[in-house]
Amino acid sequence: MSNIPNDPFNQGPPNYNQPPNYNQPPNYNQPPNYNQQQNFQQIPPGGYIPYGANYAGQIDLPEAGSAQTCGIVGLVLFFNLIGIILNIIAIVKAGNAISTYNANPGIYTERSLSKAKAGRTCGIIGLSLVGLGLLILVLVIAINA
């Protein structure tokens, strides 16, 4: 070490005890715009992303899959009491799912909305076939009487 004052080569060791200041944002010669609106996905209540969520944070409608299943099975079994009950259940569940989607469409996926609409459509067609079958039965009885 030299005893020369203001010697540029005699600055001593660097101070490694001070951590870098990571709390400061980078300065790109422009101030940050904190008033700009951000498009963040809302996290569902509870602070977790439920099972079935996709990468955008959207989840499936709770009753859409069961409405579609009841609608399809009810359409296949439209000619008996089980089919009638399943068609009614499909229409009710699909209506609940669609109203849930309309209340907050950003949380739920379009695919699950399509499932609910398909379940409602199958339920309506199944009940229409039941009504058509009853109408034909009444006409056959009326003609043969």
Side-chain angles (χ1 to χ4, degrees), residues 1 7-145:
M1 298 207 47
D7 184 8
F9 297 107
N10 188 16
Q11 297 179 0
N15 190 356
Y16 291 112
N17 294 331
Q18 292 181 353
N21 192 359
Y22 292 115
N23 295 330
Q24 296 295 326
N27 185 4
Y28 297 114
N29 296 327
Q30 60 185 0
N33 187 2
Y34 293 112
N35 295 328
Q36 182 179 2
Q37 184 177 1
Q38 301 290 329
N39 289 332
F40 293 113
Q41 294 285 337
Q42 291 185 353
I43 296 176
Y48 63 93
I49 298 176
Y51 176 77
N54 63 11
Y55 293 110
Q58 294 179 328
I59 57 174
D60 289 337
L61 284 166
E63 296 181 341
S66 60
Q68 184 181 23
T69 304
C70 289
I72 292 171
V73 174
L75 183 60
V76 172
L77 302 175
F78 74 92
F79 54 85
N80 61 19
L81 185 61
I82 295 173
I84 295 170
I85 292 170
L86 286 176
N87 285 322
I88 293 171
I89 290 172
I91 292 171
V92 171
K93 283 185 174 278
N96 290 340
I98 291 171
S99 65
T100 302
Y101 179 84
N102 289 336
N104 205 346
I107 293 178
Y108 303 108
T109 60
E110 292 286 329
R111 181 187 59 172
S112 62
L113 178 65
S114 298
K115 285 182 180 182
K117 287 181 178 180
R120 182 180 63 179
T121 303
C122 289
I124 290 171
I125 291 171
L127 284 181
S128 299
L129 289 174
V130 169
L132 182 65
L134 289 175
L135 181 66
I136 291 173
L137 181 67
V138 168
L139 288 176
V140 167
I141 291 174
I143 291 173
N144 290 334

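None of these values were measured; they are calculated from a predicted model. For the numbers below, each heavy atom of this structure counts, side chains included, while hydrogens, waters and symmetry mates do not.
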Is it the case that atom CD1 in I82 sees more than 12 heavy atoms from other parts of the structure closer than 6.0 Å?
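At most 12 heavy atoms, drawn from other residues, nucleotides or ligands, come within 6.0 Å of this atom.
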What distance separates [X] [atom1] from [Y] [atom2], expressed to the nearest 0.5 Å?
X: I72; Y: L77; atom1: CD1; atom2: CG; answer: 12.0 Å
X: F78; Y: C122; atom1: CZ; atom2: SG; answer: 13.0 Å
X: E110; Y: K117; atom1: CD; atom2: NZ; answer: 7.5 Å
X: T121; Y: Q68; atom1: OG1; atom2: CD; answer: 10.0 Å
X: D60; Y: I107; atom1: CG; atom2: CD1; answer: 13.0 Å
X: L86; Y: K93; atom1: CG; atom2: NZ; answer: 11.0 Å

Over all heavy atoms of both residues, which pair between [X] and [Y] is shortest? Give the atoms and the distance, please.
X: R120; Y: A94; answer: CB-CB, 3.5 Å
X: A90; Y: G123; answer: CB-CA, 4.5 Å
X: T100; Y: N96; answer: OG1-O, 2.8 Å

With side chain to side chain contact (heavy atoms under 4.5 Å, CB included) as the test, would you mind laying out the steps for L127 and I84 before giving the verdict?
CA-CA 7 Å; L127 284 181; I84 295 170; 4.2 Å; yes
side-chain contact (heavy atoms from CB on, under 4.5 Å) partner of C70, chosen from I91, I85, I89, I88
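It is I89; the other options fail the test.
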Flag side-chain contact, heavy atom, 4.5 Å: I59 against Y108:
yes
Go through L129 and L75 one step at a time and tell me if the side chain to side chain contact (heavy atoms under 4.5 Å, CB included) criterion holds.
CA-CA 8 Å; L129 289 174; L75 183 60; 4.0 Å; yes
